[in-house]
Protein chains: 2
Amino acid sequence: MIHEPAACAGRMLAIRDTVELLSGKWKIQIIGTLVFENSMKFMELKRNIPGIGAKMLSKELQELEINQLITRTVCDTKPITVEYKITPYGLTLEPIIAELATWGANHRKHLFSNSN
Amino acid sequence: MIHEPAACAGRMLAIRDTVELLSGKWKIQIIGTLVFENSMKFMELKRNIPGIGAKMLSKELQELEINQLITRTVCDTKPITVEYKITPYGLTLEPIIAELATWGANHRKHLFSNSN
DNA sequence: CAGGATCCGTGACGATACTG
DNA sequence: CAGTATCGTCACGGATCCTG
């Protein structure tokens, strides 16, 4: 963590890249559950992420797949079924997810201790 | 990091909270520069974040201030000047920012090694 | 210089209905 | 069940002008 202007600019660019990759209302949540569960069916994901619609889930999953963060596998079960799995590269995001989770948990306590 | 359903739901909630707090196109970048520079004038921030407009910068700063992540101080200089500073609580976000930055940097290498 | 007021376009997002 | 197609909306975000 050096503090020169050039390094700072590069750091900002890196941040921008990551944020853009995880843009959208649901991507972080999707990655968050897949990092934990490793693998999940479309319907399970939909149930696990309250409020998301099929269209949005489908779209976000496609974008995540394009970026090599997850894989999509069609299982030939009775009614067709699709399994989404996090890739090794996607697992790389785990530290970010973990930080977001622990910060959010602490934030709850913070709000509470301020008598909210 | 236990793996029971209840803990999972709580974790998702925490993630959601954090993401919401940092929602918007610019908040993470603003926090990112303030975590580094600690304190900055409005105009410096605007120069430091390419593409942002005065209205957006102002709005995002207000929301960050409401959430106790930064402070706003009016300096009575010749033409008035406002200084934004990260709070101790705001500094708490540093691990998240750091993770985003290092991941983004690695992502660049990843894309390069895949001959893009 | 900081930032509010106003106007406006775009696209992200949602609901519904439909196919294989 | 998984996904697409179609349609509609609203708020996010940008450009410009104006004030203390």
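In what follows, chains carry the letters A, B, and so on, assigned in the order in which the sequence lines appear, proteins first and then strands, with residues in each chain numbered from 1. Atom set for the values below is all heavy atoms of this structure, side chains included, hydrogens, waters and symmetry mates excluded.
Distance, A:Q29 CD to C:dC13 P: 12 Å, rounded to whole Å. Here D:dC12 presents its C1' atom at 6 Å from NZ of B:K59, a figure rounded to the nearest Å. Distance B:K46 NZ to C:dG4 C1': 15 Å, rounded to the nearest Å. The distance from atom CZ of A:R47 to atom P of D:dA2 is 9 Å, rounded to the nearest whole Å. A straight line from CD1 of A:I52 to P of C:dA12 spans 15 Å, rounded to a whole angstrom. The CG atom of A:L61 sits 11 Å away from the P atom of D:dT4 (whole-angstrom rounding). Note: CD (B:E20) to C1' (D:dA11) measures 14 Å, nearest angstrom. Taking atom CG of A:L45 as the reference point, atom C1' of D:dC1 lies 14 Å away to the nearest angstrom.
A:T73 and A:E83 form no side-chain donor-acceptor contact under 3.5 Å, judged by distance and modelled atom types alone.
Cluster annotation: B:I70 is connected to B:M56 through the hydrophobic network of ILVMFWY side chains, with a link wherever side-chain heavy atoms come within less than 4.5 Å. Transitive grouping of hydrophobic side chains (ILVMFWY, heavy atoms separated by less than 4.5 Å) keeps B:L22 and B:F36 in distinct clusters.
Using a 4.0 Å heavy-atom criterion, one finds that B:Q62 contacts the sugar-phosphate atoms exclusively. Backbone-only contact: A:M43 has heavy atoms under 4.0 Å from sugar-phosphate atoms and none from a base.
With hydrogens and angles ignored, no donor-acceptor pair closer than 3.5 Å exists between the side chain of B:K25 and the base of D:dG13.
A tilted orientation is assigned to the rings of A:Y84 and A:F42, their planes being inclined by 30° to 60°.
Checking each of B:L21, B:I86, B:L91, B:L34 against B:L69 for a side chain to side chain contact (heavy atoms under 4.5 Å, CB included) leaves exactly one that passes, namely B:L21.
The side chain of B:S58 places an N or O atom within less than 4.0 Å of a non-bridging phosphate oxygen (OP1 or OP2) of C:dG4.
The nearest heavy atom of DNA chain D to A:K55 and to A:Y84 marks one nucleotide each, and the one closer to the 5' end goes with A:Y84. Toward the 5′ end of DNA chain C lies the nearest nucleotide of B:F42, the other residue of the pair B:F42 and A:E60 mapping further downstream.
Nearest nucleotide to the side chain of A:M56, out of D:dA2, D:dG13, C:dG14: C:dG14.
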